[in-house]
Amino acid sequence: MQVKINGKAAELPDNSSLKDLLLARELPLDVVIIELNGEIIHRGQWEALKLSPDDSLEVLRIISGG
Amino acid sequence: MTFYDEILRLKNTDYAAAFERVTPSQIARILAKTELQPQDFLALLSPKASLALEEMAQVAHRLSLRHFGRTILLYTPLYLSNYCVNHCVYCGFNATNDIQRRKLTLAEVELEAKAIAQTGLQHLLILTGESRQRSSVSYIKECVSVLRKYFSSISIEIYPLSSEEYAELIAAGVDGLTIYQEVYDDNIYGKLHPKGPKRDYRFRLEAPERAGQAQIRAINIGALLGLGEWRSEVFLAGMHLAYLQNKFPEIEISISLPRMRPQFGDYRPEFPVSDRDLVQSILALRLFMPRASITISTRENAELRDNLIRLGVTKMSAGSSTAIGGHTDAKDGIGQFEISDKRSVDEMRKTIANLGYKPVLKDWHDLNLGVKKDNETVSIS
Amino acid sequence: MEDKLEIGGRQVESRLFMGTGKFADYRLIPEVIKASKAQVITVALRRVDFGTPEENMLNYLPPGIILMPNTSGARNAAEAIRIARIARAAGCGNWVKIEVVSDQKYLLPDNFETVKAIEVLVKDGFVVLPYMSPDLMAAKRMAEAGAAAIMPLGAPIGTNRGLKTRELIQILISEINLPIIVDAGIGRPSEAAEAMELGAAAVLVNTAVATADNPVLMAEAFAQAVEAGRKAYLSGPGATRHFAEASSPLTGFLRNERSESV
């Protein structure tokens with residue numbers, strides 16, 4: 001299925017959970033914040049949350065700034 | 001929140017202690033500041049600050065020039081009625097005083113208006129005693145509808161009204177409110193206003209705010225100097241002014257410091273205020289509120305008024321009579337108080353010009369009202 | 001002497017707030033924070049760049065500080081609100097520096113959108129510190145909307161040009177009953193001291209430290225300047241005279257009246 005991650009199209013196996021995606025991309029789980037279709041998804045929900053086609057994901061992190 | 005809440009807070013001010021702490025270097029520092037805080041204002045009213053009066057005057061003079069230029073706005077009072085239900089101990093119109101009571105008919109109002117307009121004055125202050133029966137809001141409205149043909153600005157100095165009543169008069173053509181708290185110390189206020197609706201200290205104190213809510217253009221407040229300790233009275237009046245400026249930044253604000261004059265009756269001010277004290281009050285106010293107008297009436301004598309011009313006064317009454325029909329009637333009626341500067345408007349204009357200032361007869365014309373005077377078309381250029 | 005700055009119910013001892021952007025190396029950040037003694041530290045929120053693995057900058061922040069995420073990147077109120085909520089979900093606490101920039105040429109903040117964002121975020125329980133162009137009416141609206149402090153710019157962000165808006169900031173300090181924190185533009189410790197002498201409650205510095213040859217030493221210099229400026233403000237500096245010319249007396253007419261009051 002196709003979803004959008006940070007504005008770019010990405011291909012994922014059907015039935016992927018959010019956590020599967022993060023692991024596959026080798027993202028530091030303790031750092032990122034996820035917004036799914038404009039809603040913040042809290043860490044505890046990542047494993048259970050199955051992605052659907054055309055979902056739009058924002059994967060964000062805290063960085064330095066002024 | 002109204003200024004009443006502020007007054008309750010300011011009541012706890014320990015003036016003696018605050019004045020005790022003032023030092024000469026503190027005064028020098030305040031004179032070099034660009035924005036004064038309330039505690040700076042208070043320090044400038046202290047006995048110690050009176051030693052630096054000339055330095056204060058120099059700064060006040062420069063501030064006044066910067067914000068107002070060399071101008072003095074002239075206006076005159078028109079007394080409509082002296083019926084009064086109040087018992088203000090110090091006032092010539094006191095209900096218990098046995099004087100001839102009278103109110104102008106609309107025809108008489110027109111005669112007075114013509115006589116005043118002849119002098120060139122365009123700013124008028126209309127006054128009545130407090131009598132909702134004899135000088136009702138609708139009577140005042142009728143007078144205004146006559147007067148607006150002759151004057152570009154009409155202010156009222158009448159009993160305190162509700163916000164709706166103010167809105168009614170504004171719609172009729174009134175653009176300014178003058179109302180003095182008389183005395184901010186509420187104990188003294190209670191003693192000096194033993195009877196009548198004026199006993200209500202708070203209703204009077206909040207009147208400028210009600211007029212502000214009704215979107216009046218200009219507000220002039222004041223304290224009658226002599227009724228209470230002048231340092232605290234001027235401080236509270238200045239705080240009231242600052243409060244109004246803050247709450248209604250769009251309104252033109254002014255303050256008067258009328259000193260008690262002898263009048264019919266036998267009240268003598270309990271706290272006399274010397275010329276020096278009056279000057280210190282004006283200077284402290286100018287430094288604290290550089291953009292506010294300061295009004296001085298003909299209660300003060302000609303020589304003193306002329307000297308005050310350079311110190312920060314920006315508005316003066318001229319050709320005044322405090323008696324009903326006084327602008328047309330040669331007979332001397334009993335006035336509210338005694339006029340000290342009896343110069344005519346013409347003489348005042350010449351004197352002001354000789355001092356290097358410009359006498360201003362008109363600085364306001366309400367285009368929205370569409371008021372057209374005879375032979376005059378209103379245009380925005 | 002007890003002189004703590006209180007914002008949003010928390011007391012802060014250091015009046016130097018530090019930004020963490022533009023440092024050549026994250027490893028400098030803990031040293032800079034230590035030298036600056038800053039307790040309020042700003043961070044930002046960005047999309048993860050999948051190509052390049054990055055270190056977690058939060059690991060470089062010492063414990064006990066107040067994190068203040070900014071909403072940089074937001075071009076309007078809605079985006080600022082969204083960024084603030086994400087940052088809170090990321091565990092940054094409830095402080096937020098609202099920064100809405102719709103002008104990409106000068107990077108000047110959009111006061112109108114900022115007011116809208118404050119209204120929403122205050123109701124949402126945030127402690128909101130808006131970065132703004134120093135305008136009195138805008139600052140009043142921000143205060144009415146519930147801002148915890150007002151952060152006017154001293155000069156356009158990143159320019160190191162100093163306290164160019166001094167007169168306007170002075171007005172905010174006199175008129176607004178909230179801490180005024182000068183944010184952006186301060187390039188040198190002397191300018192930070194100047195802001196504090198004026199009566200600013202704090203200054204927020206980033207570029208000036210991050211781009212110094214020796215950021216740690218510069219952080220220390222800023223800490224001392226802020227402290228010196230604050231002490232000068234509290235001690236009431238001596239008057240400088242604006243005029244030296246002999247003016248003709250204005251109160252001469254009072255000479256014949258003896259002063260009764262002194």
Side-chain angles (χ1 to χ4, degrees), chain A, chain C residues 17-26 28-29 32 41-51 53-61 67-73 78 82-92 97 99 107 131 151 157-158 183-184 186 204-211:
Chain A
M1 66 175 169
Q2 209 177 43
V3 297
K4 242 187 197 171
I5 303 174
N6 288 359
K8 285 186 192 143
E11 198 53 43
L12 287 188
D14 285 354
N15 231 359
S16 295
S17 76
L18 187 50
K19 194 172 179 182
D20 296 336
L21 165 73
L22 298 176
L23 289 172
R25 298 261 168 160
E26 293 180 348
L27 289 170
L29 294 187
D30 54 331
V31 178
V32 297
I33 312 129
I34 306 291
E35 212 189 39
L36 176 63
N37 302 327
E39 261 186 60
I40 298 161
I41 309 297
H42 291 276
R43 199 141 297 183
Q45 302 164 262
W46 290 355
E47 191 139 18
L49 198 137
K50 298 286 181 205
L51 296 172
S52 316
D54 296 328
D55 272 350
S56 177
L57 277 155
E58 288 287 338
V59 184
L60 306 139
R61 64 184 298 165
I62 296 292
I63 63 154
S64 63
Chain C
F17 293 11
M18 281 293 310
T20 54
K22 299 186 187 171
F23 283 96
D25 188 331
Y26 275 177
L28 275 170
I29 291 175
V32 161
I41 307 294
T42 62
V43 293
L45 190 75
R46 283 289 181 282
R47 277 175 167 171
V48 169
D49 181 356
F50 294 111
E54 261 184 279
E55 278 188 280
N56 182 2
M57 79 89 49
L58 294 177
N59 292 339
Y60 290 90
L61 299 181
L67 264 187
M68 179 161 71
N70 65 34
T71 65
S72 70
R82 181 172 159 211
I83 294 170
R85 285 178 177 155
I86 295 170
R88 183 166 63 179
C92 287
K97 166 180 162 180
E99 182 177 342
L107 301 178
Y131 166 58
M151 304 210 292
I157 194 163
D183 183 358
I186 289 184
L204 198 164
V205 176
N206 188 350
T207 308
V209 171
T211 60

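- Shown here is Glu11(A), whose CD atom has more than 12 heavy atoms of other residues, nucleotides or ligands within 6.0 Å.
- Between chain C and the options Ile63(A), Ile34(A), Ile5(A), Val59(A), heavy-atom pairs under 4.5 Å are most frequent for Ile63(A).
- Atom CG of Asp49(C) sits in a crowded spot, with more than 12 heavy atoms from other residues, nucleotides or ligands closer than 6.0 Å.
- With a 4.5 angstrom heavy-atom cutoff, Tyr60(C) does not touch chain A via any of its atoms.
- When each of Asn6(A), Ile33(A), Ile40(A) is checked for heavy-atom pairs under 4.5 Å with chain C, Asn6(A) comes out on top.
- Looking at Asn70(C), the atoms closer than 4.5 Å to chain A (heavy atoms on both sides) all sit in the side chain, from C-beta outward.
- Within a 6.0 Å radius of CD in Glu47(A), no more than 12 heavy atoms belonging to other residues, nucleotides or ligands are found.
- Interface residue Glu99(C): only side-chain heavy atoms are found under 4.5 Å from chain A.
- To the nearest 0.5 Å, atom CZ of residue Arg82(C) and atom CD of residue Glu58(A) are 5.0 Å apart.
- Between Leu45(C) and Ile62(A) there is a side-chain heavy-atom pair separated by less than 4.5 Å.
- Heavy atoms of Val32(A) lying under 4.5 Å from chain C belong exclusively to its side chain.
- Contact record, Ser64(A) with Ala44(C): O-CB, 3.8 Å, taken as the closest heavy-atom pair.
- By the 6.0 Å contact criterion, NZ on Lys4(A) is open, its count of non-hydrogen atoms from other residues, nucleotides or ligands being 12 or less.
- For Arg61(A), there are no salt bridge (Lys or Arg N to Asp or Glu O under 4.0 Å) partners, not counting sequence neighbours.
- Of the listed residues His42(A), Glu35(A), Arg43(A), the one with more heavy-atom pairs under 4.5 angstrom with chain C than any other is Glu35(A).
- Contacts of Leu60(A) with chain C are made by both backbone and side-chain atoms, with heavy-atom separations under 4.5 Å.
- In terms of heavy-atom pairs under 4.5 Å with chain A, the best-connected choice from Asp183(C), Ile86(C), Asn206(C) is Ile86(C).
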